[in-house]
Every structure is written in structure tokens, then in C-alpha cells.
Amino acid sequence: MTSTSDESRSLAGLTAPQAGPHPGMERAFRPGGMTLGVTTPLEGFAGALPHMSRHAELVEQAEKAGFATVWVRDVPLVDPKYGDAGQMFDAFTYLGYLAARTTTITLGTAGIVLPLRHPIDVAKAAASVDQLSGGRLLLGVATGDRAIEFPAYGVDYASRGELFRESVSWLRELAGDHPRISSTLGRMDGTDLVPKPFARRMPLFMTGRGQQDIEWIATNTNGWLFYTVPIEQQALNIKRWRRLTGRADGIFKPFLQATYFDITDDSTAKPQPIQLGMRLGREPLLELLQRWEQIGVDQLFINFKQSTRPVTEVLHEIEEHILPHFPAGQTAALTRPMP
């Protein structure tokens, strides 16, 4: 007689979930060192809308160069005050496409605006990408910081912190078999959601603070995506994060930093501040990256929106001069258990 579990796997039409480490985590990080990632779109552009020219080819180039991850932002609606629509595409649809165009690079969301989506839809889309990519998805989530989007969804902006926590609880429960859930978001009893995540639990990353206490983030997520702040302040943030998460029993909760860079033709150009990042040459860039590695940043991912050079040219330069110092992890080295 066919078990309920077997029926679910048959309905999924995919490999049964494998308990244990997640290949995307293993590729994205390496013990004792920092890795590098990129944020889509891989282009410099003015205004809110990118051109998205040769975008998949550039992601393939980043993978071939040796970047550990490619991150996709979730920007449901364009807010003129922000002037940045990300890569424009729906995050999960785009990642499904990139999953088919790549083989090793870890795919990440930075981050899905949970209060604007039902957690069932998020869980199903995320697990689908995770399965279709062979376990390469890291699910970054956020509360959302563009108040103009919330009325369009009929969601109270002031309640986003509470809605976020409730959605995270759903995501955890939905990864199990036949969960029983009752909350203000709905009731679920006697049914199930397929497919399940590749490693039974989806790696869940917090983007920013999201109106949450650091203690809550440390307990309820698998890692923290944070912004670029002065290095002394970041060192304190990381020290606190390590104290709250620990590394007992081999559990690893990485700290990631997102930075905008304009890497100039002059390889020795000293750093100059730009919006959310800096303009500099590759030699000072290497020194800066090494400083961030020393204070404990586990991954730095680059946003190229402010780039004044063709990104394909910059990727080649980073591949030759920077990435050898910050190699990606190995998906075959499945050693770290997930919390």
C-alpha cells in the first residue's frame, strides 16, 4: 500500500527531500574565509529601470568566474522615491530561469517581502526553485521598507513586523509533512504542500533588521544579510552576531554584507564614497575586502548599479585579480548540519 509520504513525493515528481546539509549553503560559504557574490542586475544604470541586456549571459559569466552566489531582489512595485526596480522580474520566476542557465552557483533572494505574499505561495515557489536547481536556493526574506507598496496589497504597513514573524513560522512548519497551522493568515489541517525543500529545511536569511530584535533573528534564521556600515561598527555587529548564534555542534550561521561598487580603470584609485558603497581601484578593493574578511564577514556580495564600466569587463578583472583570494565553497563538501 502506498504511504501518504510516498504519494506526496509522487505528486512532487521530484527527488525525495534529503535530510542534512544544503548544497547551496556549501557552495556559498567556506570555513574560515570570506566568499564573494553578485546582485542582479549585473549592470550599471541610471534611474529606476535597468536594461537587462545579456543578463543571463552575465550571470553565467559570474558563475564561470567563481563567484559563490547570485542574489535576486524582490521589488513588487516601483517607488519613485527609491528609483530602483531591481531586476524587474518576479524573483522566483527569474530564479527558475537562472537555475536552468547555471549549474553550480548558489541562488539567493535578498529578500522576499513576506508581508506582501502568503507564506504558502512563498514556500511553494522557494521549494520549487530549490528542487529544480539541485538544492541551490538560499531564501532571504524581509519585511519591506517601501510603504507605498502596502496599500496596493491591502496590508497595513505598521503591522509588517508582526506579519513577518508569523510568515516565518509558517515557512518553518510548511517544510514538514502535513503541518497543522492556525493563525491570522489562515488554517491548514489535513493537507500538505509539495514539493518539500531539497534538504528538508530551507536556508532562511534575514535581510536587514526588519523590525526584529537581533536575538529573534539569531534564533529563527540561518544567517543575516546586512548593509555596509563603517568597519568598526560592522566588527561590533559581527561580534554580537557570533555571541548570539555561536558555532556549537557545527552549526554555522553566516553574516553577509551587501555593498555597491564602481571599480575604476585605474587599479590604484583610492576609495571615494558613493551611494551605498564606494568607487575605487582593484588594489584598494582587495585590501578592503581582506579587512572585511578579518572582522568576520562570511560573504560580501556586490551590487553593480553604480558601475561606470561594462560589468562584463569588471567581472573579468575580479576573476583574475580578486576571486583567487576569496574562493567559493564546494557543494561536494556536505559537512555542516543546518540548525
Side-chain angles (χ1 to χ4, degrees), residues 21-31 33-43 50 52 54-74 86-87 89-112 125-140 197-199 202-205 207 222-223 225 252 254 256-259 261 289 297-304 307 311-312 314-320 322-336 338:
H22 192 280
M25 288 284 286
E26 297 301 313
R27 178 64 177 177
F29 307 103
R30 60 186 175 88
M34 188 172 77
T35 60
L36 298 182
V38 293
T39 305
T40 59
L42 302 185
E43 63 177 274
M52 300 303 289
R54 299 179 54 242
H55 56 96
E57 292 178 28
L58 288 166
V59 172
E60 290 172 333
Q61 181 184 348
E63 177 180 58
K64 183 179 179 182
F67 281 94
T69 55
V70 56
W71 296 89
V72 172
R73 295 165 60 211
D74 182 27
Q87 83 291 332
F89 300 131
D90 172 78
F92 289 118
T93 302
Y94 190 39
L95 285 176
Y97 176 70
L98 293 180
R101 294 286 299 255
T102 58
T103 57
T104 60
I105 196 167
T106 292
L107 310 170
T109 60
I112 299 300
S128 297
V129 173
D130 196 38
Q131 282 276 0
L132 292 169
S133 66
R136 290 189 281 139
L137 181 67
L138 308 182
L139 183 60
F198 187 90
M202 180 69 63
L204 197 66
F205 285 72
T207 303
N222 299 103
L225 311 176
F252 172 65
L256 299 83
Q257 175 179 307
T259 305
F261 283 119
L289 293 174
V297 174
D298 295 299
Q299 181 177 122
L300 183 137
F301 52 97
I302 301 171
N303 191 313
F304 291 101
S307 181
V311 170
T312 184
V314 177
L315 291 176
H316 280 303
E317 186 171 5
I318 294 174
E319 177 183 9
E320 182 177 357
I322 304 296
L323 279 169
H325 299 273
F326 306 98
Q330 299 299 320
T331 52
L334 303 179
T335 56
R336 296 193 194 104
M338 288 184 60

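- Thr104 approaches Glu63 most closely through the heavy-atom pair N-OE2, 2.6 Å.
- In terms of heavy-atom proximity, Met52 sits nearest to Phe89 at CE-CE1, 3.6 Å.
- Side chains of Val70 and Leu107 form a contact here, defined as non-hydrogen atoms less than 4.5 Å apart.
- Annotation: side-chain hydrogen bond (donor to acceptor under 3.5 Å, both in side chains) contacts of Glu43 (sequence neighbours excluded): none.
- Every residue meeting the side-chain hydrogen bond (donor to acceptor under 3.5 Å, both in side chains) condition with Thr259, not counting sequence neighbours, appears here in chain and number order: Thr228, Gln257.
- Shown here are the salt bridge (charged side-chain N to carboxylate O under 4.0 Å, His left out) partners of Glu57, two or more places apart in sequence or in another chain: Arg54.
- Under the salt bridge (charged side-chain N to carboxylate O under 4.0 Å, His left out) criterion, Glu60 pairs with Arg101, sequence neighbours left out.
- Contact detail for Leu289 and Met34: the closest heavy-atom pair is O-CE, 3.3 Å.
- Side-chain contact between Tyr97 and Val59: absent, with no pair of heavy atoms (C-beta onward) separated by less than 4.5 Å.
- A heavy-atom distance below 4.5 Å is found between the side chains of Thr40 and Tyr94.
- Among all heavy-atom pairs drawn from Arg136 and Ala99, the shortest one is NH2-O, 3.1 Å.
- Looking at Met202 and Leu137, their side chains come closer than 4.5 Å, going by heavy atoms from C-beta outward.
- When atom types are taken as modelled, the side chain of Arg27 and the backbone of Gly329 share a donor-acceptor pair closer than 3.5 angstrom.
- For the pair His22 (side chain) and Gly135 (backbone), a donor-acceptor distance under 3.5 Å is present.
- Using cut-offs of 30° and 60° for the angle between ring planes, the Phe252 and Phe29 rings count as perpendicular.
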Residues Ile302, Ile318; criterion side-chain contact (heavy atoms from CB on, under 4.5 Å); working and verdict
CA-CA 11 Å; Ile302 301 171; Ile318 294 174; 4.1 Å; yes

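- Remark: the backbone N or O of Thr39 is not paired with any side-chain donor or acceptor of Asn303 at under 3.5 angstrom.
- With values rounded to the nearest 0.5 angstrom, Gln87 atom CD is found 8.0 Å from Arg73 atom CZ.
- In terms of the side-chain contact (heavy atoms from CB on, under 4.5 Å) criterion, residue partners of Ala125 (sequence neighbours excluded) are, by chain and number, Phe92.
- Taking the side-chain contact (heavy atoms from CB on, under 4.5 Å) definition, one finds that Thr312 meets it with Leu58, Gln61, Pro310, His316, sequence neighbours left out.
- Side-chain atoms of Asp298 do not come within 3.5 Å of backbone N or O of Leu256 as any donor-acceptor pair.
- Between Leu225 and Ala110 the shortest heavy-atom distance is CD1-CB, 4.0 Å.
- Shown here are the side-chain contact (heavy atoms from CB on, under 4.5 Å) partners of Ala258, two or more places apart in sequence or in another chain: Phe301.
- Evaluation of the side-chain contact (heavy atoms from CB on, under 4.5 Å) rule for Thr69 yields Ala28, Trp71, Thr106, Gln299 as partners, not counting sequence neighbours.
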Carefully, step by step, assess Thr109 and Asp74 under the rule side-chain contact (heavy atoms from CB on, under 4.5 Å).
CA-CA 7 Å; Thr109 60; Asp74 182 27; over 6 Å; no

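- Nearest approach of Pro50 to Pro41, heavy atoms of both residues: CB-CG, 3.7 Å.
- Of the inter-residue distances, the one linking Asp90 atom CG with Ile112 atom CD1 reads 7.5 Å to the nearest 0.5 angstrom.
- Remark: Phe205 engages no residue in a ring pair (Phe, Tyr, Trp, His ring centres under 6.0 Å) (not counting sequence neighbours).
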